[in-house]
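The model shown is predicted, which means the values in this text are computed figures rather than measured ones.
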Amino acid sequence: MADSPRQPGGFIPPQGGLPSPAPSSASSRAASNLPHPRNSALRPGSNKEDMVRRFVDEKLLYVSRRYVKKFGNPNPGDTVVGFKSFGEVCRELDEIVNVLWKSGTPSLQIPFLLKLASDFTQYVRSFPPSSKASFDLLHKLDHCFASLLSGQDIETSETLPGFENGLRAGMTTTDMVRCRSLVEQTRVLMVEVMSSGEQEEEDDDEDDDDDEDGDETEGGESYDAGGPSWDIDEDELHLDAARIYENTIVHLGKRLGDSLGNSADSGDAAMSNTGMT
């Protein structure tokens, strides 16, 4: 299959490509920075639906090939370049999420977003932690899944395209069970990843003070030089990890009849095991 063309600013289909989104106001743009969906879902079997499906399939394959190339030696003239950071992975996946959300078509959004969320859990293990890129993408996915579970945008309360007649177009029980499994897995995994080592985007190794023992911080707060060092950002990471898929958890609980309490408990246990409590 041919590689997905690389175009600045994301996917810009040829003439007559993706249908234009409905006019949007500032209030209808989610805090997660998702595009406003089109007015109605794409007609099943239509050329436009097929075009979106092909684009997402090819883009996911392209991301997978770049991931595999990360572990090999580049060949001269190879048009597929391996990822160098997880931030690059998140940018590629973010583009796919935006296209799917703009399509306003649950029959495309649900299976592809579930696959993308699953791919995320595979890719994130193989790179140094990139907290901002990871949490930004997970926030978008949380918005998408929670909205698809409720049939309306969780921030604007607008009915989503395809849900005009209720939740029949939404997730099946099988989809919801799979989503719950991904939520639980991702919450535990991200705690482990974020506490595993140096951050990709944050380099605070420039402290050349005379605190060779690290007995006192600049602000005068002392700690045991013989114990593990304390990073002020750790509390923030702890909170970010606790918020992963928080809206999805609520709406899965409403649909499946439980509160997904085990998910939170699992996350707390993982934080304890990694020293993030």
Undergrad: Is the backbone N or O of Ala242 less than 3.5 Å from a side-chain atom of Arg187, with the two atoms forming a donor-acceptor pair by type?
TA: yes
Undergrad: Decide whether Tyr245 and Thr186 meet the rule of one side-chain donor and one side-chain acceptor closer than 3.5 Å.
TA: no
Undergrad: Run the salt bridge (charged side-chain N to carboxylate O under 4.0 Å, His left out) test against Arg178 and tell me which residues pass, sequence neighbours left out.
TA: none
Undergrad: If you define the side chain from C-beta out and look only at heavy atoms, does anything of His251 sit under 4.5 Å from Ser150?
TA: yes
Undergrad: Does the Asp175 side chain pair with the main chain of Thr172, one donor and one acceptor, at a distance under 3.5 Å?
TA: yes
Undergrad: Side-chain heavy atoms nearer than 4.5 Å, only ILVMFWY residues, links allowed to pass through others: does that put Leu167 and Phe145 together?
TA: yes
Undergrad: Would you say the side-chain atoms of Thr156 and Glu158 include a donor-acceptor pair closer than 3.5 Å?
TA: yes
Undergrad: With hydrophobic residues grouped by side-chain heavy-atom distances under 4.5 Å, do Phe127 and Leu189 end up in a single group?
TA: yes
Undergrad: Minimum heavy-atom separation for Ala169 and Gly162, please, with both atom names.
TA: CB-O, 3.1 Å
Undergrad: Kindly determine whether Asn247 and His143 satisfy side-chain contact (heavy atoms from CB on, under 4.5 Å), including the steps that lead there.
TA: CA-CA 7 Å; Asn247 295 302; His143 182 101; over 6 Å; no
Undergrad: Taking the six-membered ring for Trp, are the ring centroids of Phe86 and Phe120 within less than 6.0 Å of each other?
TA: yes
Undergrad: Before giving the answer on salt bridge (Lys or Arg N to Asp or Glu O under 4.0 Å), spell out for Arg53 and Asp57 the whole-Å C-alpha distance, their side-chain angles and the decisive distance to 0.1 Å.
TA: CA-CA 6 Å; Arg53 189 185 303 276; Asp57 267 331; over 6 Å; no
Undergrad: Can you tell me if NZ on Lys70 sees more than 12 non-hydrogen neighbours from other groups inside 6.0 Å?
TA: yes
Undergrad: Grouping I, L, V, M, F, W and Y whenever their side-chain heavy atoms are under 4.5 Å apart, do Ile154 and Leu138 come out in a common cluster?
TA: no
Undergrad: Spell out, as yes or no, whether a donor-acceptor pair under 3.5 Å connects the side chain of Ser118 to the backbone of Leu114.
TA: no
Undergrad: If I take atom CG from residue Asp119 and atom OG1 from residue Thr121, how far apart are they, to the nearest 0.5 angstrom?
TA: 7.5 Å
Undergrad: Tell me the closest heavy-atom pair linking Ser126 and Gln122, and the distance in Å.
TA: OG-O, 4.1 Å
Undergrad: Looking at Thr248 and Asp142, would you say the former's side chain and the latter's main chain have a donor-acceptor pair under 3.5 Å?
TA: yes
Undergrad: List the residues meeting side-chain hydrogen bond (donor to acceptor under 3.5 Å, both in side chains) with Lys69, not counting sequence neighbours, and say none if there are none.
TA: Asp78
Undergrad: Carefully, step by step, assess Gln109 and Cys144 under the rule side-chain contact (heavy atoms from CB on, under 4.5 Å).
TA: CA-CA 9 Å; Gln109 294 166 333; Cys144 292; over 6 Å; no
Undergrad: Does the distance from a Lys or Arg side-chain N to an Asp or Glu carboxylate O, for Asp136 and Lys140, drop under 4.0 Å?
TA: no
Undergrad: Between Cys179 and Leu252, is any pair of side-chain heavy atoms under 4.5 Å apart?
TA: yes
Undergrad: Show the nearest heavy-atom pair for residues Gln152 and Ser157, with the distance to one decimal.
TA: OE1-O, 3.6 Å
Undergrad: Can you measure from CG (Leu113) to CD1 (Ile96) and round to the nearest 0.5 angstrom?
TA: 9.5 Å
Undergrad: Assess the side chains of Ser147 and Asp153: does a donor N or O sit below 3.5 Å from an acceptor N or O?
TA: no
Undergrad: Test your reading of the model: is there a side-chain donor-acceptor pair from Arg38 to the backbone of Gly104, 3.5 Å cut-off?
TA: no
Undergrad: Check whether Leu93 and Met194 end up in the same hydrophobic cluster, where Ile, Leu, Val, Met, Phe, Trp and Tyr are linked by side-chain heavy atoms less than 4.5 Å apart.
TA: yes
Undergrad: Using modelled atom types only, decide if a donor and an acceptor are shared between the side chain of Arg255 and the backbone of Leu149 within a distance under 3.5 Å.
TA: yes
Undergrad: Please assess Glu192 against Arg125 for the test salt bridge (Lys or Arg N to Asp or Glu O under 4.0 Å), listing each intermediate value before the final yes or no.
TA: CA-CA 9 Å; Glu192 296 173 353; Arg125 305 169 192 264; 5.7 Å; no
Undergrad: Please report the closest heavy-atom contact between Asn98 and Asn33, naming both atoms and the distance.
TA: OD1-O, 4.2 Å
Undergrad: Would a distance-only check, ignoring hydrogens and angles, find a side-chain to backbone donor-acceptor pair under 3.5 Å from Glu88 to Phe83?
TA: no
Undergrad: Which value, rounded to the nearest 0.5 Å, describes the distance between Arg66 atom CZ and Ser64 atom OG?
TA: 12.0 Å
Undergrad: Rounded to the nearest 0.5 Å, what's the gap from CZ on Phe163 to CZ on Arg168? Could you check?
TA: 11.5 Å
Undergrad: Could you state the interatomic distance from CG (Leu116) to OH (Tyr123), rounded to the nearest 0.5 Å?
TA: 8.5 Å
Undergrad: Yes or no on side-chain contact (heavy atoms from CB on, under 4.5 Å) for Leu148 and Ile110, after CA distance, side-chain angles and deciding distance?
TA: CA-CA 8 Å; Leu148 289 167; Ile110 293 169; 4.0 Å; yes
Undergrad: Set out, in order, the CA-CA distance, both residues' side-chain angles and the distance that settles side-chain contact (heavy atoms from CB on, under 4.5 Å) for Phe135 and Ile244, then state yes or no.
TA: CA-CA 8 Å; Phe135 289 129; Ile244 290 172; 3.7 Å; yes
Undergrad: Mind checking what makes side-chain contact (heavy atoms from CB on, under 4.5 Å) contact with Ser107, not counting sequence neighbours?
TA: Glu49, Thr105
Undergrad: Would a 4.5 Å heavy-atom cut-off, applied to side chains only, mark Trp101 and His36 as touching?
TA: no
Undergrad: If you measure from CG on Leu60 to CD on Glu92, what distance do you get to the nearest 0.5 Å?
TA: 10.5 Å
